[in-house]
Amino acid sequence: METDVGWPLGGDFEIEDFDKYSIDREHVWSVSNMRIRPFDLNRNLNTFTDFVINTNYDKRDDLNYFDGRPSASNRGHYSDLHNMYNAVRYTNQTLHSNYYYGNTGVTGEPNKSLNNIFYPGDEYKGDIARIMFYMTLMYPHLTLVDEGDPNAFTGTIYYGYLDHLLEWSIEDPVSIEEILKK
């Protein structure tokens, strides 16, 4: 008899003869690094809208304040399902957070370097790279940079090391799961 488990409250799963673990649906391109807004502060889901850098992201009292996070009526690049991925909560919160994707010098499992670069693990690095490429194609204001670029800091529209992502896309080819997802 099959049972539809669905998505449990809080994302907490239990595996028989193992521990409980938590899964989050997370943005691959971190929300804090998508600080843009429609140039006129109005969204239109039926036509293309020009975007500008949202310089007042945290200034709710500013007349030009724009919160781009999705809601029932307020959608956009933050809610693009191609940018969403299931992530183990511990890994996401302690290792990835909002850190750049790149090589840390350690392969295998997900890990973070001392200078806060996140490696998603051998199994997922190609998937992550292709999601990042997609985001730059769909939202041209989002930009990948090479390692060492002076623009590479958290909280901007720059996110992820292009040179590393290109390598990852080759080293971890498209899987059947990716084909089915798209």
Side-chain angles (χ1 to χ4, degrees), residues 7-15 18-36 53-54 57-58 67-70 75-139 141-175 177-178 181-182:
W7 191 265
L9 185 63
D12 297 325
F13 293 84
E14 266 188 68
I15 298 177
F18 196 65
D19 287 329
K20 183 176 175 180
Y21 67 102
S22 299
I23 301 292
D24 291 330
R25 290 166 282 201
E26 287 296 325
H27 294 91
V28 173
W29 193 300
S30 171
V31 169
S32 64
N33 287 322
M34 288 193 278
R35 294 185 176 191
I36 60 162
I53 302 299
N54 191 15
Y57 186 78
D58 297 319
D67 184 359
R69 293 176 187 260
R75 300 182 299 271
H77 59 288
Y78 290 101
S79 58
D80 189 320
L81 292 178
H82 293 292
N83 188 40
M84 303 299 286
Y85 214 80
N86 290 333
V88 173
R89 185 173 299 152
Y90 172 82
T91 302
N92 183 60
Q93 292 178 350
T94 60
L95 298 177
H96 179 232
S97 187
N98 296 334
Y99 302 131
Y100 269 61
Y101 291 100
N103 291 323
T104 60
V106 179
T107 58
E109 297 297 316
N111 64 82
K112 179 182 75 166
S113 69
L114 293 176
N115 57 345
N116 294 330
I117 302 302
F118 176 70
Y119 179 76
D122 294 347
E123 184 178 349
Y124 304 106
K125 65 185 182 182
D127 306 38
I128 297 299
R130 288 180 285 279
I131 291 169
M132 300 290 280
F133 300 151
Y134 163 84
M135 292 298 288
T136 61
L137 290 173
M138 291 303 296
Y139 309 101
H141 49 277
L142 299 178
T143 308
L144 298 171
V145 295
D146 285 330
E147 187 173 14
D149 188 300
N151 291 308
F153 59 92
T154 300
T156 67
I157 58 169
Y158 305 96
Y159 195 57
Y161 292 132
L162 176 61
D163 44 343
H164 298 199
L165 296 171
L166 288 168
E167 289 174 15
W168 294 356
S169 185
I170 294 168
E171 293 171 356
D172 178 22
V174 177
S175 65
E177 291 82 11
E178 278 183 276
K181 180 180 176 185
K182 305 299 179 209

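Values below: all heavy atoms of this structure, side chains included; hydrogens, waters and symmetry mates excluded. Not measured: the values here are computed from a predicted model.
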### Task
Please collect all salt bridge (charged side-chain N to carboxylate O under 4.0 Å, His left out) contacts where either partner lies in residues 115-131, sequence neighbours excluded, each pair once.
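Pairs touching residues 115-131 that pass the test: K125-E171, D127-R130, R130-E178.
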
Atom of [X], atom of [Y] and distance for their closest heavy-atom approach:
{"X": "D172", "Y": "G126", "result": "OD2-N, 2.9 Å"}
{"X": "I131", "Y": "H82", "result": "CG2-O, 3.4 Å"}
{"X": "A87", "Y": "N92", "result": "CB-CB, 4.1 Å"}
{"X": "Y85", "Y": "V28", "result": "CB-CG2, 3.7 Å"}
{"X": "L165", "Y": "Y101", "result": "CD2-CB, 4.3 Å"}
{"X": "T104", "Y": "S113", "result": "CG2-N, 3.7 Å"}

### Query
When rounded to the nearest 0.5 angstrom, what distance separates CZ in R25 from CG in N86?
7.5 Å

### Query
Could you give the distance from OH (Y161) to CG (L144), rounded to the nearest 0.5 Å?
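Nearest 0.5 Å value for the OH-CG distance: 11.5 Å.
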
Within the distance-only criterion (no hydrogens, no angle test), does the side chain of [X] pair as donor or acceptor with the backbone N or O of [Y] below 3.5 angstrom?
{"X": "T136", "Y": "F133", "answer": "yes"}
{"X": "N116", "Y": "Y99", "answer": "no"}
{"X": "N111", "Y": "V106", "answer": "yes"}

So do the side chains of [X] and [Y] get within less than 4.5 Å of each other, counting heavy atoms only?
{"X": "D24", "Y": "Q93", "answer": "yes"}
{"X": "H27", "Y": "M84", "answer": "yes"}
{"X": "R89", "Y": "I23", "answer": "no"}

### Message
side chain to side chain contact (heavy atoms under 4.5 Å, CB included), that's the test. Do V145 and L162 meet it? Break it down for me.
### Response
CA-CA 5 Å; V145 295; L162 176 61; over 6 Å; no

### Message
For Y124, I'd like to know if atom OH has over 12 heavy atoms of other residues, nucleotides or ligands within 6.0 Å.
### Response
no

### Message
Using a 6.0 Å cut-off, check whether atom CD of E109 has over 12 heavy atoms from anything other than its own residue.
### Response
no

### Query
So, for Y159 and Y100, is the gap between ring centers shorter than 6.0 Å?
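Ring centroids of Y159 and Y100 are less than 6.0 Å from each other.
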
### Message
I want to know whether W168 and Y119 have ring centres closer than 6.0 Å.
### Response
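Here the rings of Y119 and W168 have centres that are less than 6.0 Å from each other.
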
### Pair Y134-D80, side chain to side chain contact (heavy atoms under 4.5 Å, CB included): steps then yes or no
CA-CA 11 Å; Y134 163 84; D80 189 320; 2.7 Å; yes

### Task
Go through the steps for E167 and N103 under the test side chain to side chain contact (heavy atoms under 4.5 Å, CB included), then give the verdict.
CA-CA 10 Å; E167 289 174 15; N103 291 323; 3.4 Å; yes

### F118/T91 under side chain to side chain contact (heavy atoms under 4.5 Å, CB included): CA gap, chis, key distance, verdict
CA-CA 10 Å; F118 176 70; T91 302; 4.2 Å; yes

